[in-house]
> 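Before we start, here is the structure in question, set down as structure tokens.
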Protein chains: 2
Amino acid sequence: MFESAELGHKVSKSDYKKEVPVLREELLHAQLELKESTAFQVIILVGGLDGAGRGATVNLLNEWMDPRFIQTHGMGEPSDEELDRPMMWRFWRALPPKGKIGVFLGSWYTWPMLNRVYGKTKDADLEQSMGRAVKLEKMLVNEGALIIKFWFHLSQNEQKKRLESLEKDPLTRWKVSERDWEHFKAYDKFREVHEKVIRQTSTPDAPWLIIEGADFRYRNLTVGKMILNAIRERLSKDAQPSQKILAPPFMPSIDNINILKTLDMTQCLEKDEYKKSLKKYQRKLNLLIRDPKFKYTSVIAVFEGNDAAGKGGAIRRITGALDARGYQVIPIAAPTEEERVQPYLWRFWRHLPRKGRVTIFDRSWYGRVLVERVEQFCSEADWMRAYSEINEFELQIVRHRMVVVKFWLSITKEEQLERFHAREQTGFKRFKITDEDWRNRKKWEEYEQAVTDMVDRTSTHYAPWTLIEANNKYFARIKVLKTLCNAIEAKLKEIDDDGVDYLKKSKKKK
Amino acid sequence: MFESAELGHKVSKSDYKKEVPVLREELLHAQLELKESTAFQVIILVGGLDGAGRGATVNLLNEWMDPRFIQTHGMGEPSDEELDRPMMWRFWRALPPKGKIGVFLGSWYTWPMLNRVYGKTKDADLEQSMGRAVKLEKMLVNEGALIIKFWFHLSQNEQKKRLESLEKDPLTRWKVSERDWEHFKAYDKFREVHEKVIRQTSTPDAPWLIIEGADFRYRNLTVGKMILNAIRERLSKDAQPSQKILAPPFMPSIDNINILKTLDMTQCLEKDEYKKSLKKYQRKLNLLIRDPKFKYTSVIAVFEGNDAAGKGGAIRRITGALDARGYQVIPIAAPTEEERVQPYLWRFWRHLPRKGRVTIFDRSWYGRVLVERVEQFCSEADWMRAYSEINEFELQIVRHRMVVVKFWLSITKEEQLERFHAREQTGFKRFKITDEDWRNRKKWEEYEQAVTDMVDRTSTHYAPWTLIEANNKYFARIKVLKTLCNAIEAKLKEIDDDGVDYLKKSKKKK
């Protein structure tokens, strides 16, 4: 795998001097064209061995190109705000917008590899991390990003020479730490892990490009030209890679039965009973959130449902039980300018709460497979891939010990009609009913199909959908509260008083 | 000052029951109208005594209104990302956008008051903090924000009763901490400090509204109605408060001399000397940034200058000396959608770096008093107030031990013409010269006036302007590098090895 990067590649001083000015001008050109077009973002990962010149080459790239449109990220120790969110959060917040270049020295590969080399994790853990990395990159590529992954390699002999020469020069001595020598001693182990990672994560969309790091002229020219060619080629193509749908079509509805039709929509609650239950579950919710262990988790509650199904009312019954400082309600509307130049899920990642907090999404990332699918706001390929991207997103949240609850508030077509009419007649609710609601209503069956598919494809054991029979508002609100309480309660039970998950602990004991 | 809030205000249960539903509906209406208009944001500060019902009332407001368009902030312990920036940063990042309501339980008043009561600071410190608060609020009001400041008061007797009754009920016992009783014992001291703060910060734009906290019905209705009336009144007016300019006009140029004309524009550097100096100062800069003490400070470098004065080139000579992971270049262009619904300075606050890092602004907040003034993109009142707002902004940065350097790169009108022509003839620089540049050039004298006024009004001892004679690029770049090095060097000298400022330390010793 590293054979071609141990051949002693070299570029002569005179060739270098001749080529660099041309390359620089072309890189600047390409960068500007990219910036003007804002067609895609470039994500450059720089990995490899210590002493192979990663930092030096990245600095040079910044010197060659316009530093205003490059962001370089070191990704050292995470901040406390970052530790409170899933590991990928810090990468999401550092993603370059379309038109810009983001360079990552240290990426989603760094820690999983180090942990494996030092025996802190098992092969299975490494593979899981790699699986996640591949999924992330696949998604980014599908969103239009250009991913260039460089791997800077040195033979063991060259690495030793390189570290020694850095150490000899008083100007560069600081660059070599004890850790570097420690890593050097583990060269074979590193090589083994690196090879495995490169093998598993060199996908057709984002292969690793292995660069021999010994000769700086060769290294710099190669990296520069590769970036130039990659940007140029992508600029000359359509912004979006063509995505063919090879999947078989969804299941036809042969007997006209679907999950929504099996709901018992007659369920209801009397006002007295409702009032009693409301008090009970709001109190319970309040106590759960004030449990000392709650500071080790957090809640993401997603509300979707038919128009006029009572999402707002159900949300207010939750927030009514909470301290206003501890929650946030995020209404999802059209994306802003800053959100439109990022991958689809970016605008949801940015709202993930810190530990000990509750975030309620009034509509959510499911818009992709509901309204965007039905109204054809995005291509079929885009919403088709959303199912698995969403599952992955939620898995990461749950793995970070957060609670994810998802509600679909369902009403019948008749009930909706009544509510629309009632809203049109009530003064301060009139704003709630628009032409769009009437238009959506005409596509009732298409939405029903979309909901059915959504539930089938994204109701997971770690983040299940709860379907709420919402013809009766009282019944719906109590079912929402109850479900939420149960989910939090179950999560708290998994956490012991020191904030360690029960599951993780039992794993350790083995 | 608290007289009217110790009268034992009360609302009967029956009146309350009658009034609340009406108030709620009206509040919802007003909130929606606000959201639709996005004319301004509402910033509600809730301060006052422990046990006076601040939290309960804020929770109720969230219940009464649509929680999707309110954000409530507790402002507890700052995160490490927040500690790395000036104190106000965490408030800036929490500001509600236009159309929304932000509630702050705990505000820019909280810590200064507590510190004063407990003798950690002196009266002078408190007054300084209050001065800063007043300036911030004045600015927010001028930017169109509606600020409502509630102060929840209780007589000493009432506070005791309230804390005792909270403690008696097992359901609310958790709300009373030892700290609350400690505060209670210092009632008189608190009252004294509170009175002083309220007196000094009750401005015509944002007066404190003192609410008697004992009776929850009175408290809730009063707060609700005040918010309703305030929003309604503002919705009925123009979005921007009318700002009359009462200041005398700028100094006329009687002898046709100004600071720009006094610059010796013939200064230059030969290529050899330049190369030597460049190496020297880049090395120095690199060493300074790698000084262990640098992690206690950070650098904000601002670049302004005539079109084609060589800002980009000067910036690249700085970044060329730095590790790409340690700096960011922020090119200032038109504000994004999310920036347009915030006060002017918001889009600069958001880019303030963490400690140990360098942020370079390619154009900056000075756009307000340069291009926006000359091209009349904002009202005279807006750019006139910008001078002091900018001084205050920079003072906060410097007080937080950051280095602020500001460069005006100056070229003569003749030199600019030559560079424009040269750019039009050089292939890859052609993009750099646009119609706008030619248009700006026609307003050379107006820009010169704006620059002169800017320097006169914003060159402070803590953040001075450095005028760079930039007809000769070599000379300009070296002067920039040298100035930057000196500024960092001076700052590092103030900091001892434990990260304590020399000045602060000598203060302590007294």
Side-chain angles (χ1 to χ4, degrees), chain A residues 25-26 28-29 32-33 36 55 58-63 66-76 79-82 84 103 105-106 171 174 283 286-287 290 312 315-316 318-331 336-341 354 360 362 427-429 431-432, chain B residues 25-26 28-29 32-33 36 55 58-63 66-76 79-82 84 103 105-106 171 174 283 286-287 290 312 315-316 318-331 336-341 354 360 362 427-429 431-432:
Chain A
E25 196 177 320
E26 290 182 314
L28 268 175
H29 264 281
L32 264 154
E33 215 182 311
E36 293 301 319
V58 168
N59 284 338
L60 198 74
L61 280 179
N62 271 271
E63 219 181 303
D66 192 326
R68 290 176 298 171
F69 312 120
I70 306 185
Q71 301 159 350
T72 303
H73 303 281
M75 292 297 159
S79 75
D80 54 9
E81 295 190 22
E82 288 170 342
D84 267 5
V103 181
L105 261 155
L171 267 181
W174 61 276
R283 203 186 144 211
N286 185 277
L287 287 171
R290 284 196 282 113
I315 290 172
R316 271 197 297 282
I318 293 176
T319 58
L322 306 179
D323 188 293
R325 283 163 280 192
Y327 70 81
Q328 219 179 351
V329 181
I330 311 288
T336 67
E337 198 178 322
E338 293 182 39
E339 290 169 342
R340 284 195 300 271
V341 290
R354 297 196 64 172
I360 298 169
D362 183 358
F428 79 108
K429 282 191 171 172
F431 70 87
K432 280 186 157 183
Chain B
E25 197 177 320
E26 290 182 316
L28 267 174
H29 262 282
L32 265 154
E33 215 181 312
E36 292 301 318
V58 167
N59 284 339
L60 198 73
L61 280 179
N62 272 270
E63 219 180 302
D66 191 327
R68 289 176 298 172
F69 312 119
I70 306 185
Q71 301 159 349
T72 303
H73 302 282
M75 292 297 161
S79 74
D80 54 7
E81 295 191 22
E82 289 170 342
D84 267 5
V103 180
L105 261 155
L171 267 183
W174 62 276
R283 197 182 151 215
N286 186 278
L287 287 171
R290 283 198 283 112
I315 290 172
R316 271 197 297 281
I318 293 176
T319 57
L322 306 179
D323 187 292
R325 283 162 281 193
Y327 70 82
Q328 219 181 349
V329 181
I330 311 286
T336 67
E337 198 178 323
E338 292 181 40
E339 290 169 341
R340 284 194 300 272
V341 290
R354 297 197 63 172
I360 299 170
D362 183 0
F428 78 107
K429 282 190 173 175
F431 70 87
K432 278 185 158 188

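Just so you know, these numbers use all the heavy atoms, side chains as well, and skip hydrogens, waters and symmetry mates. So that the names make sense, note that chain A is the first sequence line, chain B the second, and so on, each numbered from 1.
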> Top residue by heavy-atom pair count (under 4.5 Å) with chain A, among B/Glu26, B/Glu339, B/Glu81?
B/Glu81
> Select, from B/Glu36, B/Gln71, B/Arg283, the one with the greatest count of heavy-atom pairs under 4.5 Å involving chain A.
B/Arg283
> Can you tell me how far CZ of A/Arg68 sits from CD1 of B/Ile330, rounded to the nearest 0.5 angstrom?
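Result: 12.0 Å between the selected atoms.
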> B/His73 and A/Arg325: which non-hydrogen atoms are nearest, and at how many Å?
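For B/His73 versus A/Arg325, the nearest heavy atoms are C-CG, 4.0 Å.
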> Which heavy-atom pair separates A/Pro67 from B/Val329 by the least distance, and what is that distance?
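Looking at all heavy atoms of both residues, the shortest contact is O-CB, 3.7 Å.
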> Where on A/Leu61 is there a heavy atom nearer than 4.5 Å to chain B: the side chain, the backbone, both, or neither?
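For A/Leu61, neither part sits under 4.5 Å from chain B.
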> A/Glu337: which residues meet the side chain to side chain donor-acceptor pair (under 3.5 Å) condition with it, sequence neighbours left out?
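In terms of side chain to side chain donor-acceptor pair (under 3.5 Å), with neighbours along the sequence ignored, A/Glu337 is linked to no residue.
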> Which atoms form the tightest heavy-atom contact between B/Glu63 and A/Arg316, and what is the distance?
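Result for this residue pair: O-CD, 3.8 Å.
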> Ignoring hydrogens, what is the shortest heavy-atom contact between A/Asn62 and B/Ala324? Give both atom names and the distance.
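In this case the closest contact between A/Asn62 and B/Ala324 is ND2-CB, 3.3 Å.
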> Can you sort out the partners of B/Asn59 under side chain to side chain donor-acceptor pair (under 3.5 Å), two or more places apart, ordered by chain and number?
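Result, side chain to side chain donor-acceptor pair (under 3.5 Å) vs B/Asn59: none returned.
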> As an exercise: rank B/Asp323, B/Val58, B/Leu60, B/Leu322 by heavy-atom pairs under 4.5 Å with chain A and give me the winner.
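Most heavy-atom pairs under 4.5 Å with chain A: B/Asp323.
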> Specify which of A/Gly74, A/Pro331, A/Gly55 makes the most heavy-atom pairs with chain B at under 4.5 Å.
A/Pro331
> Hey, which of A/Ser79, A/Gly326, A/Gly320 has the most heavy atom pairs under 4.5 Å with chain B?
A/Ser79
> Are the side chain of A/Asp80 and the backbone N or O of B/Asp80 linked by a donor-acceptor pair below 3.5 Å?
yes
> Checking A/Asp362 against chain B: side chain, backbone, both or neither under 4.5 Å from a heavy atom?
side chain
> Is chain B contacted by the side chain of A/Thr319, its backbone, both, or neither, given a heavy-atom distance below 4.5 Å?
side chain
